[in-house]
Amino acid sequence: MATPLKRVYTGKDIDMLTACSTITDQDLNHKTFLVSKRANWADPFFPNIKTRIGNAFSDYLGIGNAKEMHY
């Protein structure tokens with residue numbers, strides 16, 4: 001039997017994933033600066049996070065393409 005996921009936040013899943021996606025977009029825009037402060041954030045760190053967020057949208061929320069949500 002699979003262990004149920006436990007949230008460590010009080011909001012809705014879609015709100016948290018959207019916020020994480022927005023923050024990661026900004027991280028990608030400032031990647032050079034961020035990597036200069038923390039070397040382990042070099043590629044493929046941020047692209048992998050974007051992939052994991054996209055997978056969470058599709059796997060847990062059933063949204064096939066997170067870009068459909070942007071307006």
Please output the side-chain donor-acceptor pairs of residues 7-14 that fall under 3.5 Å, not counting sequence neighbours, one pair per line with the distance.
| unit_1 | atom_1 | unit_2 | atom_2 | d |
| --- | --- | --- | --- | --- |
| R7 | NE | D13 | OD1 | 3.2 |
| R7 | NH1 | G11 | O | 2.7 |
| Y9 | OH | D13 | OD1 | 2.5 |

Donor-acceptor list for residues 30-39 side chains, cut-off 3.5 Å, not counting sequence neighbours:
| unit_1 | atom_1 | unit_2 | atom_2 | d |
| --- | --- | --- | --- | --- |
| K31 | NZ | D43 | OD1 | 3.2 |
| K31 | NZ | D43 | OD2 | 3.2 |
| S36 | OG | F33 | O | 2.5 |

Item to check | Residues forming a salt bridge (Lys or Arg N to Asp or Glu O under 4.0 Å) with D59, sequence neighbours excluded | outcome: none
Checklist entry - Run the side chain to side chain contact (heavy atoms under 4.5 Å, CB included) check on T18 and F57 step by step: do they pass? => result CA-CA 9 Å; T18 302; F57 271 114; 3.8 Å; yes
Checklist entry - Just how far is it from atom CZ of F46 to atom CD1 of I23, taken to the nearest 0.5 Å? => result 11.0 Å
Counting only pairs under 3.5 Å, give me each side-chain donor-acceptor contact of residues 47-54, with atom names and distances, residues two or more places apart or in other chains.
| unit_1 | atom_1 | unit_2 | atom_2 | d |
| --- | --- | --- | --- | --- |
| N48 | ND2 | P44 | O | 3.2 |
| K50 | NZ | S21 | OG | 2.9 |
| K50 | NZ | D25 | OD1 | 2.7 |
| T51 | OG1 | P47 | O | 3.0 |

